[in-house]
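Please read the structure below before turning to the comments.
Here the structure is a predicted model, which means the values were calculated and not measured.
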Amino acid sequence: MRFHLLAPPNVQTTKEYSLDGFNMATIRMARLLKELGHEVIFYASEENEAPCDELVRVITKEEQKVLLDGLDYQYAAMFNRAAAIWQLANNRSIVEIGKRKQPRDFILTIGGTAQEPVANAHPNLMTVEYSIGYVSSFAKYRVYESHAWRAWSTGAQGQTDGRFFDEVIPLFFDEDEFQYRAVKEPFALYVGRLVPKKGITIACQAAHAAGMPLKVIGHGDPALVTHGAEYLGALGMEERNDYMSRASVLLAPTTYLEPFGSVAVEAQLCGTPVISTDYGGFVETIEHGKTGFRCSYLGDFVAALKKAPTLDCKAIRKRAVNKYSMHALKHDYQRYFERLNLLWDRGWDTV
């Protein structure tokens with residue numbers, strides 16, 4: 001199969017931009033498609049680590065610098081189709097896809113409605129939003145990161161009927177990027193944005209109440225790191241993953257409905273149990289009492305922090321690899337794209 005894979009226009013598709021989850025998901029998707037033997041035409045910027053058959057540069061580093069104007073590359077103009085950075089990349093992608101497209105090609109997007117103009121310009125191709133963990137989904141064919149987010153998204157958009165050619169496939173990871181340590185160190189860890197909705201205040205309060213040292217990794221407002229927690233800064237991927245493998249437990253007390261919550265799975269790939277709130281994607285990624293705990297009030301969090309170090313780290317790692325590794329989930333994507341290919345012929349009526 002042939003895929004036109006669109007990268008977010010705010011990044012270089014390299015690990016240097018690992019703090020951008022959409023960027024890393026795009027790189028992993030390119031790897032998955034190439035492992036399956038497909039042709040990948042990749043529309044991105046200048047520096048690239050994603051495997052592909054052709055790299056089509058639709059925005060330069062200098063243009064990114066000017067259009068983002070010194071703002072945080074992760075969140076500036078995200079999912080805003082009216083923003084100049086999206087318009088520029090979209091217009092160039094439309095033209096370049098037009099030069100290369102063939103019948104039965106796929107367009108793959110991860111930018112929500114910000115990339116919808118590209119799909120609209122090529123209605124004779126099948127556009128798939130391949131990893132929906134955001135609000136503004138639009139495509140006729142959609143893959144959600146969790147069942148919880150699929151239910152929320154369809155309800156929010158007023159859909160009361162099911163859609164046979166949508167799917168749920170969790171975020172996937174390269175397990176080799178996450179070191180497993182059976183022997184942990186006596187500290188809890190928070191990894192994420194330093195904003196109230198990510199639960200940084202809860203993490204600090206709970207760790208303090210449980211008498212467990214807390215280390216904090218992330219970008220945002222350091223003033224939110226309280227109760228004696230140690231702020232380590234916004235670390236690169238390798239150093240961050242090293243801390244996750246050493247920690248006795250990871251705290252992910254997000255207060256909004258997390259579409260998936262990738263850091264919870266990343267920690268489990270290190271054999272580290274996770275303590276979270278009890279809604280959103282966490283109800284699927286964390287097996288309560290076995291790979292971590294899902295909590296509803298301060299007392300729950302304190303009790304969980306005391307119990308978490310007794311959980312089986314080896315079993316936590318094994319479950320995470322079996323459920324969330326690229327090698328496990330690539331076959332789910334293959335089956336999904338094969339199902340979509342039926343629509344070029346008899347579709348639902350295929351026997």
Side-chain angles (χ1 to χ4, degrees), residues 1-10 13 22-23 25-30 32-34 36 38-44 50 52-56 58-59 78-83 85-145 149-150 153-154 156-157 159 161-169 171 259 330 332-345 347-348:
M1 304 181 205
R2 297 180 83 243
F3 295 89
H4 302 271
L5 178 60
L6 306 185
N10 58 313
T13 44
F22 297 101
N23 176 48
T26 303
I27 295 172
R28 290 194 298 267
M29 190 64 184
L32 179 146
L33 292 170
K34 290 310 300 175
L36 290 170
H38 300 303
E39 182 177 348
V40 177
I41 305 169
F42 192 41
Y43 301 81
C52 59
D53 295 275
E54 182 184 4
L55 173 62
V56 182
V58 294
I59 192 164
M78 276 304 289
F79 301 112
N80 179 4
R81 64 192 289 175
I85 193 167
W86 287 94
Q87 291 187 354
L88 178 62
N90 285 345
N91 290 338
R92 289 177 179 166
S93 296
I94 289 168
V95 172
E96 296 302 327
I97 290 173
K99 296 175 183 178
R100 293 164 174 81
K101 67 180 179 180
Q102 297 178 12
R104 302 194 177 197
D105 283 0
F106 290 95
I107 297 175
L108 300 185
T109 74
I110 198 171
T113 53
Q115 290 176 322
E116 186 178 7
V118 182
N120 293 341
H122 298 286
N124 57 332
L125 301 185
M126 201 176 292
T127 296
V128 180
E129 291 180 273
Y130 63 88
S131 190
I132 298 174
Y134 45 82
V135 174
S136 61
S137 54
F138 72 92
K140 192 173 181 180
Y141 308 108
R142 310 180 189 185
V143 178
Y144 296 91
E145 294 177 354
W149 195 244
R150 180 184 192 176
S153 295
T154 54
Q157 294 186 4
Q159 299 175 19
D161 293 334
R163 291 157 53 113
F164 286 110
F165 290 90
D166 285 355
E167 188 57 271
V168 173
I169 302 176
L171 274 177
K330 67 182 181 182
D332 291 46
Y333 271 102
Q334 179 68 19
R335 285 189 290 270
Y336 178 64
F337 290 127
E338 288 175 353
R339 191 162 96 232
L340 290 183
N341 265 333
L342 299 176
L343 294 168
W344 296 114
D345 298 308
W348 164 260

d(Ile107 CD1, Leu125 CG) to nearest 0.5 Å is 4.5 Å
Please indicate whether Lys34 has more than 12 foreign heavy atoms, meaning atoms of other residues, nucleotides or ligands, lying under 6.0 Å from its NZ. yes
Please round to the nearest 0.5 Å and tell me the distance separating atom OH of Tyr144 and atom OG1 of Thr154. 6.0 Å
Okay, side chain of Arg339, backbone of Phe164: is any donor-acceptor separation there less than 3.5 Å? yes
I need the Leu108 CG to Tyr43 OH distance, nearest 0.5 Å. 11.0 Å
To the nearest 0.5 Å, atom CG of Leu32 lies from atom OH of Tyr333 at 7.5 Å
Is it the case that over 12 heavy atoms from other parts of the model lie below 6.0 angstrom from the CH2 atom of Trp344? yes
May I ask you to decide if Phe165's main-chain N or O and Tyr336's side chain share a donor-acceptor pair within less than 3.5 Å? yes
Kindly compute the distance separating CG (Asn10) from CD1 (Ile85), expressed to the nearest 0.5 Å. 6.0 Å
Just by modelled atom types, is the Ile41 backbone N or O under 3.5 Å from a matching donor or acceptor in the Asp53 side chain? no
List the atom pairs, with distances to 0.1 Å, where a side-chain N or O of residues 111-121 and a protein N or O form a donor-acceptor pair under 3.5 Å, not counting sequence neighbours.
| from | atom 1 | to | atom 2 | distance (Å) |
| --- | --- | --- | --- | --- |
| Gln115 | OE1 | Ile110 | N | 3.0 |
| Gln115 | OE1 | Gly111 | N | 2.8 |
| Glu116 | OE1 | Arg81 | NH1 | 3.0 |

May I ask you to decide whether Glu96 forms a salt bridge with Arg100, counting only side-chain N to carboxylate O separations under 4.0 Å? yes
So Val56 and His4, do their side chains get closer than 4.5 Å, heavy atoms only? no
Ile97 versus Leu6: any side-chain heavy-atom pair under 4.5 Å? yes
In the structure I gave you, are the side-chain heavy atoms of Glu54 and Glu39 within less than 4.5 Å of one another anywhere? no
Answer with yes or no whether the side chains of Glu145 and Ser131 bring together a donor and an acceptor at under 3.5 Å. yes
For the residue pair Arg142 and Arg163, establish whether any side-chain heavy-atom pair is separated by less than 4.5 Å. yes
What heavy-atom pair brings Ala50 and Ala30 nearest, and what distance separates the two atoms? CB-CB, 3.7 Å
Tell me whether the rings of Phe3 and Phe106 are parallel (<30°), tilted (30 to 60°) or perpendicular (>60°). parallel
Listing request: all ring-ring contact (aromatic ring centres under 6.0 Å, His included) pairs with a residue in residues 114-137, at least two apart in sequence or in separate chains. Phe79-Tyr134
Taking every non-hydrogen atom, the tightest pair across Thr127 and Thr109: CG2-CG2, 4.1 Å
When you compare the side chain of Thr26 with that of Phe42, does any pair of heavy atoms fall below 4.5 Å? yes
Verify, without hydrogens or angle tests, whether Arg104 (side chain) and Arg2 (backbone) share a donor-acceptor contact under 3.5 angstrom. no
Any side-chain heavy-atom pair from Phe337 and Leu33 closer than 4.5 angstrom? yes
Do Asp332 and Glu167 come within less than 4.5 Å of each other through their side chains, counting heavy atoms only? no
At what distance, to the nearest 0.5 angstrom, does OG of Ser93 lie from CG of Leu5? 10.5 Å
Please tell me if the side chains of His38 and Gln334 come closer than 4.5 Å, counting only heavy atoms from C-beta onward. yes
Check: Gln157 side chain, Ser137 main-chain N or O, donor-acceptor pair, under 3.5 Å: yes
